[in-house]
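Quick caveat: nothing in here was measured; it's all calculated off a predicted structure. Start at 1 with the first residue, then count along the sequence.
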Amino acid sequence: MSKELYVTDEHGEVIDIIESTDKYVKLSDGDKVVRKSVLQYLNDTVDLRYHFVKVNPNVYGDIANKCPILNILIGYIGYMDGIISHKNGKIVRLKDIPKICNVSETTAKRQIKTLIELDVIHKIRGKPSYLVMNPYVAYLGRKIYLSLYEEFKFSEYKNLSQEWSK
């Protein structure tokens, strides 16, 4: 006597009957089903482990001309959260920016102030305080966190951004 297995939705309604138990696989939270073609693609690719930052070409050039430290700060954008941080996740403190950007403290403060006025970055107060990059100017990753979206949802650059290919 064989047991019948059923695939049900969240309401308990039967979607499918599994006739052969050799095609039955139990998935746990976090498991992902990948098609054979995707596995072949992954086997044919190499992960270079580089972090690529997308910039909005409609606005980036003008801002970078006014504040050249932006060219260096975009290399420190956190993945999906937009926080200016090191690759190990440690937040870049305001006092570290002159050293990172190889500029004087006065120049760094002046340009950070200009970037804040231009709505390119926001200073988030807390312990510790940190800087967040406007995702409509530059971001790292394909998606952004809702908190970052909420922070910049009224940005003037939103209307100037183009849809970037995926």
[Y] and [X], any side-chain heavy atoms less than 4.5 Å apart:
{"X": "V137", "Y": "F152", "value": "no"}
{"X": "I63", "Y": "L115", "value": "yes"}
{"X": "E105", "Y": "K109", "value": "yes"}
{"X": "E151", "Y": "I124", "value": "yes"}
{"X": "L73", "Y": "C101", "value": "yes"}
{"X": "N58", "Y": "Y157", "value": "no"}

Step-by-step side-chain contact (heavy atoms from CB on, under 4.5 Å) determination, L131 to V92
CA-CA 8 Å; L131 299 174; V92 172; over 6 Å; no
[X] versus [Y], closest heavy-atom pair with distance:
{"X": "P98", "Y": "A108", "answer": "CG-CB, 3.8 Å"}
{"X": "P128", "Y": "I91", "answer": "CG-CD1, 4.2 Å"}
{"X": "K87", "Y": "I77", "answer": "NZ-O, 4.1 Å"}
{"X": "I69", "Y": "I97", "answer": "CD1-CG2, 4.4 Å"}

Which value, rounded to the nearest 0.5 Å, describes the distance between [X] atom [atom1] and [Y] atom [atom2]?
{"X": "N56", "Y": "K158", "atom1": "CG", "atom2": "NZ", "result": "13.5 Å"}
{"X": "K99", "Y": "R93", "atom1": "NZ", "atom2": "CZ", "result": "9.5 Å"}
{"X": "I84", "Y": "L94", "atom1": "CD1", "atom2": "CG", "result": "10.5 Å"}
{"X": "D81", "Y": "Y130", "atom1": "CG", "atom2": "OH", "result": "8.5 Å"}
{"X": "L70", "Y": "N65", "atom1": "CG", "atom2": "CG", "result": "10.5 Å"}
{"X": "I116", "Y": "C67", "atom1": "CD1", "atom2": "SG", "result": "10.5 Å"}

Crowding at CD, E117 (>12 non-hydrogen neighbours, <6.0 Å)
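Counting other residues, nucleotides and ligands, CD of E117 exceeds 12 neighbours.
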Partners meeting ring pair (Phe, Tyr, Trp, His ring centres under 6.0 Å) with Y76 (sequence neighbours left out)
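Applying ring pair (Phe, Tyr, Trp, His ring centres under 6.0 Å) to Y76 gives H86.
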How about Y60 and K54: does a side-chain donor come under 3.5 Å of a side-chain acceptor?
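No, K54 and Y60 have no side-chain donor paired with an acceptor closer than 3.5 Å.
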In the single-linkage hydrophobic clustering (I, L, V, M, F, W, Y; side-chain heavy atoms under 4.5 Å), do L146 and F154 co-cluster?
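They do not share one cluster, since no chain of ILVMFWY contacts under 4.5 Å joins L146 to F154.
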Under a 3.5 Å distance rule, please check whether N134 uses its side chain to pair with a backbone N or O of D119 as donor and acceptor.
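Indeed, once roles are kept as given, a pair shorter than 3.5 Å links the two residues.
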